[in-house]
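Notes to accompany the following structure.
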Amino acid sequence: METEFTRREHQVKILVSGLGYIGLPTAVMFAKNGCEVVGLDINEGVVNKLNKGILHLEEPGLASELKSVVKEKKFRATLHSEKADVFIISVPTPNIENALKSCDLSYVKAAVNTVSKNFEKGNVVIIESTIPPRTMSDIILPLVEEKGLVVGKDIYLAHCPERVLPGQILHELVYNNRIVGGITPECTKKASEVYATFVKGELLKTDSSSAELSKLMENTYRDVNIALSNELVKVCNQLDINALEVIRLANKHPRVNLHQPGPGVGGHCLAVDPYFISATIPSVTPLIQEARKINSTMPYYITNIVTRLVKDQKIKRMTVFGATYKGNIDDVRESPALEIYEYLEKNLGIQVSLYDPHVHQEYSLDLYDALEKSEFLLILVDHDEFKNIPEEVLNRMDRKLVFDTKNIMQNTNQVEFYNMGTIQKILS
Ligand code: SAJ
């Protein structure tokens, strides 16, 4: 798409710092849409691979796009910063392992300090990494102005949080609405022109603090709602009521959307971002903190039930289905499923096998082997492969007892079946 930005006399040059799951697809999209793109990373192996057109991570569609932009010399990777018109920072912001789990901004600050020596009048600087509220105005703005450039006049600074879903990144980068939060209205305008190069969703113009907090609240909203449903499971377990039936009925109300309970919340977003709010203002965020506690302790809730069941029923061999943090992906970061498996394997004193068709590591056994002589199947992830487990596979089991924490299994009439709505019945 032609904009005021791409109509400049010279080809626009963009430097993307951080070539991970978000930075690399973003860099490739700009390269595909008429910009000269340089990708900066501290990992020499990654830089060498990318310059040969080889991908270092998994994302559908990205491999071929990378190859073509490298071949057409629109994208190259480097270890050293250089001059550009636009600088985009897309580096990790993990939790610090302290009591509040506050945000580790060291990678963002290091990235800004590295590229800032190349800043010139007229540049646009965009932070895409997820950051706590007021980081732009209180931390990044002073770092940029140290270079003697006035933000909003000489140089334009904005926060444009990424909101794409792994597995659908190339599509969502183009079609999702994009929040653009400048330090000043002029900064917002300049940063919007950058994204108008390829974004077909709406460009939601705002200030930098609103941009920071709205991104965090999107994931916090989901985390708190999932915690509410996990709490409902505990209530129903005590009162002998089916939690899934309660959710189904309540969600028929036009203004109610109870989320799905499960063995916990994983990944690098929902299990991380709420802490960026609560660590900033602990005194007024009891709800966010409690939701995190409920979700992060769900694996214990499940392992307690399973431990009692295994003892009561004298189970000698069990199987776990699923290791990833959610269904149909290969990502095990912060995975509650893996946490549950590792606990059971270490503490139950019986044989525990793990099967995951999406994870190619030493523990993903063959499907048949995993269920051979098993007496109990625990499903922890909603992969499509677990919807209809073939009868001949189930027939390998010595006893067909199934606890499905994601309510994904459909051919339940062939087994003794329990889910999060009926767990109380397993133990009685
Ligand atoms: N989960 C439940 N019950 C539910 C929904 C999810 O237990 O009803 C669990 C999942 O099993 C998983 C976790 O929550 O363990 C997170 O999964 P998810 O699909 O909700 O989200 P992510 O972490 O893969 O991606 C989110 C997305 N945010 C929203 O949908 C608001 C994505 O758009 C963001 O880009 C991403 O976080 C991010 O980078 O912030």
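Since we're looking at a predicted model, the values are computed, not measured. Computed over heavy atoms, backbone and side chain alike; hydrogens, waters and symmetry mates excluded. Numbers here simply count residues along the sequence, with the first being 1. Order of appearance sets the numbers: ligands from 1, and atoms from 1 within every ligand.
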Next on the checklist: Is C269 close enough to touch ligand 1? Criterion: a residue heavy atom under 4.0 Å from a ligand atom.
Outcome noted: yes
Checklist entry - Parallel under 30°, tilted from 30 to 60°, perpendicular over 60°: which one fits the rings of H259 and Y221? => result perpendicular
Next on the checklist: What protein heavy atom lies closest to atom 19 (O) of ligand 1? Include the residue and the distance to one decimal.
Outcome noted: K326 NZ, 2.9 Å
Next on the checklist: Name the residue from N123, I126, V125 that meets the side-chain contact (heavy atoms from CB on, under 4.5 Å) definition with L157.
Outcome noted: V125
Item to check | Top protein contact for atom 32 (C) of ligand 1, by heavy-atom distance | outcome: L165 CD1, 3.6 Å
Checklist entry - By side-chain hydrogen bond (donor to acceptor under 3.5 Å, both in side chains), which residues pair with S106, not counting sequence neighbours? => result D104
Checklist entry - Nearest protein heavy-atom contact for atom 30 (O) of ligand 1: which residue, which atom, what distance? => result R222 CD, 3.5 Å
Next on the checklist: Closer than 4.0 Å to some heavy atom of I226 - which atoms of ligand 1 meet that?
Outcome noted: 1 (N), 2 (C), 3 (N), 4 (C), 5 (C), 6 (C), 7 (O), 14 (O)
Next on the checklist: Please determine whether any non-hydrogen atom of E162 lies less than 4.0 Å from an atom of ligand 1.
Outcome noted: yes
Checklist entry - So is V164 polar-close to ligand 1, meaning N/O to N/O under 3.5 Å? => result yes
Next on the checklist: A side-chain contact here means heavy atoms from C-beta on lying under 4.5 Å apart; do V180 and L204 qualify?
Outcome noted: no
Checklist outcome for this item: among protein heavy atoms, the one nearest atom 15 (O) of ligand 1 is Y325 O, 2.7 Å
Item to check | Numbered atoms of ligand 1 (with element) below 4.0 Å of K406, judged on heavy atoms | outcome: 7 (O), 11 (O)
Next on the checklist: Run the side-chain contact (heavy atoms from CB on, under 4.5 Å) test on L401 and L377 for me, step by step, so that the C-alpha distance in whole Å, both residues' side-chain angles and the decisive distance to 0.1 Å come before the verdict.
Outcome noted: CA-CA 6 Å; L401 179 61; L377 168 60; over 6 Å; no
Checklist entry - Can you tell if the side chain of S116 reaches within under 4.5 Å of the side chain of L143, non-hydrogen atoms only? => result no
Checklist entry - In terms of the angle between their ring planes, are F198 and F30 parallel, tilted or perpendicular, with boundaries placed at 30° and 60°? => result perpendicular
Checklist entry - With a 4.0 Å cut-off on heavy atoms, does G266 reach ligand 1? => result yes
Checklist entry - Which option out of Q260, K215, R333 puts a heavy atom nearest to atom 3 (N) of ligand 1? => result Q260
Checklist entry - For ligand 1, is there an N or O atom under 3.5 Å from any N or O atom of H259? => result no
Item to check | Heteroatom distance test (R163, ligand 1): nitrogen or oxygen, under 3.5 angstrom | outcome: yes
Checklist entry - Taking the six-membered ring of F403, is the NZ or CZ of R308 close enough (under 6.0 Å from the centre) and on axis enough (within 45°)? => result no
Checklist entry - Do any nitrogen or oxygen atoms of E172 lie less than 3.5 angstrom from nitrogen or oxygen atoms of ligand 1? => result no
Next on the checklist: Test side-chain contact (heavy atoms from CB on, under 4.5 Å) on M318 and L344; report intermediate values, then the result.
Outcome noted: CA-CA 10 Å; M318 69 170 283; L344 296 175; 3.9 Å; yes
Checklist entry - What is the closest protein heavy atom to atom 26 (C) of ligand 1, and at what distance does it sit? => result N219 OD1, 3.6 Å
Next on the checklist: If you measure every N or O of P166 against every N or O of ligand 1, does any of those distances drop under 3.5 Å?
Outcome noted: no
Checklist entry - Is K234 close enough and on-axis enough to Y301, meaning under 6.0 Å and within 45°, for cation-pi? => result yes
Checklist entry - Would you say the side-chain atoms of T93 pair up with the backbone N or O of T130, donor to acceptor, closer than 3.5 Å? => result yes
Checklist outcome for this item: Ranked by distance from atom 21 (O) of ligand 1, the top protein heavy atom is L270 CD1, 3.7 Å
Next on the checklist: So if I count the atoms of ligand 1 from 1 in the order they appear, which ones are less than 4.0 Å from some heavy atom of V265?
Outcome noted: 13 (C), 14 (O), 15 (O)
